[in-house]
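Here is the structure we will look at.
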Amino acid sequence: MPGIILVGTQWGDEGKGKITDILTEDMDYVVRYQGGNNAGHTVVNGEQELKLHLIPSGIFYEHVIPIIADGVVVDPKVLLSEIDTLEKEGISTEKLLVSSSAHLIMPYHRILDAAVEHNLGDNKIGTTKKGVGPAYADKISRVGIRMQDILHMKIFQQKLKDVLTTKNELLTKIYNLPPLDFNDIVEEYGTYAKRLRSYITDTPLIINQALDAGKRVLFEGAQGTLLDIDHGTYPFVTSSSPVAGGACTGAGVGPVRIKEVIGIVKAYITRVGAGPFPTEQDNETGEAMREIGVEYGTTTGRSRRCGWLDIPILRYAIAINGLTGLVMTKLDVLSKFAEIRLCTSYSFAGKSYSYFPPDQNVVHKCRPVYEMLPGWQSDISAARTMEELPQAAKDYIARISELTGLPFNIVSVGPKRKETISLKRI
Ligand code: GDP
Ligand code: IMO
Ligand code: MG
């Protein structure tokens, strides 16, 4: 009954899409458990590069059942356009299942996401403006509309009528925006309902039955540990639970069914949007990381902020998620650097922090303490075993394991499937 969770250990974009895709070969089910189309997962499938926002990155294998679980917020327009894109590329989406309990992103969620950000001015979060935060807010406020509601348009209309009255008051009176038309939304979502009906089902039952039958289920996290609503750099976070615990609530499985929790560690760190970032390199080093690593947002096209790997963050991610193994991605991006820095602790007001602290004041103002390691300055993208890596690259990986106490199962040296060093089977 092995359940395996894959999570980002940073602020997202760690390369989860590529690693999910390669692990899927050995899986029976791949489950997205939280987030929405704020996620952008790039998968290079042969020569084809595909960007997924909602559909699990395990879609490319015929033997796998991809599932969008209860904890995800689904924009049906985006889901259908993703289904169409995949089908056009010859990738079947026939087996895709969507939870009847997943909440819908509605037109007013997208508009309010942008309006709230606009009003925050300099204090804005830098959201993806996809309506994810407002959709989760409605879910928690118990005025959300769910996938199952579009299967019964009468219920959908009833729920929409109640909620739209309040939303239109908000739009017109607070944000000075035009109101939304009830009939337009009913018509639009009615069209989506016709196409989505066959995908909507009881996914927790299916996942639990699969685990009972000894099937391998991979739970694919979106975003990352530091974007978690409870454990991230609040308020500069997303509105869901990307951490491992979120897989249990989001998919409807008990914690004892999880055998492994794998943390994806980019060889350096990136962040999109606002918020603290102790090892950020707002300089030539960061620019070099951005250019070599092509660090531009998959969802919004924004430049990603770049910085050195941060061990206090990694130690925190290991604890918060209960990680059992690590995967390093984008090691090849560091190949150009003569010297590589590794942040081993933070220093603030005469105190040293070797573990990411909850105090936002410390995180915003601390000074990262670095250890310098020699670079390898050679192309490593052809390496398929650890022996083929230069000594300095091996030392970098070994030092991270030494500082965190966890081994690496996989080291990724390029975006393609084959550009991978497998060390320990997951
Ligand atoms: P995700 O959100 O965690 O799935 O990550 P993204 O897909 O947003 O960003 C990761 C980017 O790095 C994608 O463009 C991947 O194709 C690419 N990528 C993944 N692994 C590697 C790697 O080992 N080396 C390089 N150079 N690129 C990689
Ligand atoms: P993947 O799955 C990186 C960030 C946004 C913003 C904050 C809140 O590709 O790793 P939201 O729209 O979620 O309310 O925005 O979270 N963010 C991400 N950053 N990768 C992501 O997903 C992200 N999803 C949201 O930039 O700072
Ligand atoms: Mg991404």
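Both ligands and their constituent atoms are indexed starting at 1 by order of listing. The first residue in the sequence is number 1, and the count goes up from there.
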Protein heavy-atom partner closest to atom 1 (P) of ligand 1 - residue, atom, separation in Å
K16 N, 3.5 Å

Shortest protein contact, atom 3 (C) of ligand 2 (heavy atom only):
D13 OD2, 3.2 Å

With heavy-atom distances below 4.5 Å as the criterion, would you say the side chains of L334 and Y268 are in contact?
yes

In terms of side-chain geometry, is the basic nitrogen of R110 or D75 positioned less than 4.0 Å from the acidic oxygen of its partner?
yes

Show me which atoms of ligand 2 lie under 4.0 Å from any heavy atom of A39.
1 (P), 2 (O), 9 (O), 22 (O)

heavy-atom search around atom 13 (O) of ligand 2 in the protein gives T238 OG1, 2.6 Å

Nearest non-hydrogen protein atom to atom 18 (C) of ligand 2, with distance, is L227 CD1, 3.6 Å

Is N38 close to ligand 2, meaning an N/O of one under 3.5 Å from an N/O of the other?
yes

Test item: K418 and R384 side chains (from C-beta on) under 4.5 Å apart, heavy atoms
yes

I'd like the name of whichever of G40, G17, G12 reaches closest to atom 2 (O) of ligand 1 through any heavy atom.
G40

Does this structure show an ion pair linking E419 with K18, if we count only N-O contacts that are shorter than 4.0 Å?
no

What atoms of ligand 1 come closer than 4.0 angstrom to any heavy atom of H41?
1 (P), 2 (O), 4 (O), 7 (O)

Could you work out, for atom 9 (O) of ligand 1, the closest of R304, K18, E295 by heavy-atom distance?
R304

Ring center gap for F277 and W11 short of 6.0 angstrom
yes

Evaluation steps, side chain to side chain donor-acceptor pair (under 3.5 Å), between T225 and N321:
CA-CA 8 Å; T225 304; N321 295 293; 3.0 Å; yes

Any side-chain heavy-atom pair of P242 and V7 under 4.5 Å
no

Using a plain distance cutoff, I'd like to know if T127 has any nitrogen or oxygen under 3.5 Å from a nitrogen or oxygen of ligand 2.
no

Considering only the protein, which heavy-atom contact is closest to atom 27 (O) of ligand 2, and what is its distance?
V272 O, 3.0 Å

Atom indices of ligand 1, in the order listed, that fall short of 4.0 Å to a heavy atom of S412:
20 (N), 21 (C), 22 (C), 23 (O)

Please check if the side chain of K51 supplies one atom and the backbone of T299 the other of a donor-acceptor pair under 3.5 Å.
no

Starting from atom 24 (N) of ligand 1, what is the nearest protein heavy atom, named by residue and atom, and what distance separates them?
D332 OD1, 2.8 Å

Can you list the atoms of ligand 2 that are under 4.0 Å from a heavy atom of K16?
1 (P), 2 (O), 10 (O)

Check each of I421, T42, V327, T420 against atom 14 (O) of ligand 1 and report the one with the nearest heavy atom.
T42

Counting from 1 in the order shown, the ligand 2 atoms closer than 4.0 Å to a non-hydrogen atom of W11 are 3 (C), 19 (N)

For atom 12 (O) of ligand 2, grab the closest protein heavy atom and report residue, atom and distance to one decimal in Å.
T128 OG1, 2.6 Å

Check each atom of ligand 2 against the heavy atoms of G12 and keep those under 4.0 Å away; list them by number with element.
10 (O), 20 (N)

Would you mind listing which atoms of ligand 2 come within a distance below 4.0 Å of any non-hydrogen atom of G40?
1 (P), 9 (O)

Is there side-chain contact between I258 and V253, with heavy atoms separated by less than 4.5 Å?
yes

Report the protein N/O/S neighbours of the Mg ion (ligand 3) that fall below 2.8 Å; do not count waters.
D13 OD1, G40 O

Should you measure from each heavy atom of A222, which atoms of ligand 2 turn up under 4.0 Å away?
2 (O)

Which residue and non-hydrogen atom of the protein lie closest to atom 8 (C) of ligand 2, and at what distance in Å?
V237 O, 3.3 Å

Salt-bridge contact D138-K167 (side-chain N to carboxylate O under 4.0 Å)
yes

Numbered in order shown, the ligand 2 atoms found under 4.0 Å of a heavy atom of I125 are 27 (O)

Considering only the protein, which heavy-atom contact is closest to atom 24 (N) of ligand 2, and what is its distance?
Q223 NE2, 3.1 Å

SB check D21 R417 (cutoff 4.0 Å)
yes

From atom 6 (C) of ligand 2, work out which of G126, G15, G273, G8 has a heavy atom at the shortest distance.
G126

Tell me: protein heavy atom nearest atom 12 (O) of ligand 1, and distance?
K330 NZ, 2.9 Å

Please say whether V333 places an N or O atom under 3.5 Å from an N or O atom belonging to ligand 1.
no

So, do V272 and R305 sit near enough that their side-chain heavy atoms are less than 4.5 Å apart?
no

State whether D13 and R271 are salt-bridged, where the test is any N-O pair (Lys NZ or Arg NE/NH1/NH2 against Asp/Glu carboxylate O) under 4.0 Å.
no

Run down the list G224, P415, A222 and name the one with the heavy atom closest to atom 18 (N) of ligand 1.
P415

Below 4.0 Å from ligand 1: does a non-hydrogen atom of G414 turn up there or not?
yes

Just checking E62: does its CD atom have more than 12 heavy atoms from other residues, nucleotides or ligands closer to it than 6.0 angstrom?
no

Examine R341 relative to Y370 and say whether NZ or CZ is less than 6.0 Å from the centre of the six-membered ring and inside a 45° cone about the ring axis.
yes

Looking only at distances, can you tell me whether any N or O atom of D113, backbone or side chain, sits closer than 3.5 Å to an N or O atom of ligand 2?
no

For ligand 2, is there an atom lying under 4.0 Å from some heavy atom of R302?
yes

For T298, take its heavy atoms, then give the atoms of ligand 1 lying under 4.0 Å from any of them.
8 (O)

